[in-house]
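To keep things clear, I will list the structure first and then write my remarks on it.
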Amino acid sequence: MNYSSRNLQLNRYLVNGDGLNVRIVRVGNLMARYSAGLFQKTFDTNAFLGELRAIKNIQAITEDMNNDEIEMSLIDYVAKATLALAKTPNECRVFNCVNPNIIMTSSKL
């Protein structure tokens, strides 16, 4: 069973579980805090930024990748949204918490 199938199976189990009060919040690529006013001090430990840096350094970007979209979510906004989503009614259980402001890969690589 592949990752997507296992993930879907787990989501169904959690959402339909007897008596479970569960919210599933999928997040995007987490970045620095907006409130800090800085990009990210520890960018060298961020896996997503490391991947972008590696692709740029070895110049391994393809035409298809140039047209890809990059999503970066500020962690303090995601935390605030997650806390709000935790209070939703039981009919609302699965969420995607991402930044609607998408960046094209070609603008960053």
Side-chain angles (χ1 to χ4, degrees):
M1 183 179 294
N2 65 30
Y3 173 79
S4 296
S5 297
R6 285 191 313 268
N7 194 22
L8 182 60
Q9 186 177 16
L10 177 60
N11 288 351
R12 284 183 181 150
Y13 173 78
L14 291 173
V15 169
N16 297 323
D18 293 330
L20 293 177
N21 187 12
V22 174
R23 302 297 178 273
I24 299 169
V25 181
R26 295 186 188 94
V27 299
N29 296 303
L30 298 175
M31 297 294 143
R33 292 174 296 143
Y34 177 80
S35 59
L38 302 171
F39 179 62
Q40 184 157 350
K41 292 180 186 178
T42 57
F43 67 91
D44 55 329
T45 61
N46 183 298
F48 176 71
L49 294 178
E51 289 176 23
L52 291 181
R53 188 172 45 256
I55 290 168
K56 184 174 184 173
N57 287 344
I58 64 173
Q59 298 177 347
I61 187 160
T62 65
E63 189 62 36
D64 287 343
M65 290 171 75
N66 263 332
N67 298 320
D68 282 349
E69 298 175 338
I70 298 174
E71 184 279 337
M72 293 189 255
S73 296
L74 300 167
I75 197 160
D76 47 349
Y77 283 15
V78 171
K80 185 176 180 179
T82 300
L83 290 173
L85 294 171
K87 299 174 185 174
T88 59
N90 282 340
E91 294 78 26
C92 306
R93 293 184 176 218
V94 181
F95 305 93
N96 291 310
C97 187
V98 295
N99 184 347
N101 301 306
I102 302 298
I103 302 167
M104 296 305 292
T105 302
S106 58
S107 72
K108 296 298 168 200
L109 295 178

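All residue numbers refer to positions in the sequence shown, counting from 1.
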- Message: Contact between E69 and I103 at the side-chain level, heavy atoms closer than 4.5 Å - yes or no?
- Response: no
Please table the atom pairs, donor to acceptor, closer than 3.5 Å between any side-chain atom in residues 3-11 and protein atoms at least two apart or in another chain.
{"residue": "S5", "atom": "OG", "partner": "N2", "partner atom": "OD1", "Å": "3.0"}
{"residue": "R6", "atom": "NH1", "partner": "M1", "partner atom": "O", "Å": "2.6"}

- Enter the distance from I58:CD1 to K56:NZ here, rounded to the nearest 0.5 Å. 13.5 Å
- Report the distance from atom CG of L85 to atom NZ of K80, rounding to the nearest 0.5 Å. 12.5 Å
Show me the donor-acceptor pairs, under 3.5 Å and distance only, between side chains in residues 91-98 and residues at least two apart or in other chains.
{"residue": "R93", "atom": "NE", "partner": "N90", "partner atom": "O", "Å": "2.8"}
{"residue": "R93", "atom": "NH1", "partner": "V15", "partner atom": "O", "Å": "2.9"}
{"residue": "R93", "atom": "NH1", "partner": "L20", "partner atom": "O", "Å": "3.3"}

- Return yes when atom CZ of R26 has more than 12 non-hydrogen atoms of other residues, nucleotides or ligands closer than 6.0 Å, and no otherwise. yes
- Identified side chain to side chain contact (heavy atoms under 4.5 Å, CB included) counterpart of S73 within the set N29, V78, N101: V78
- E71 and N99: which non-hydrogen atoms are nearest, and at how many Å? OE2-N, 2.8 Å
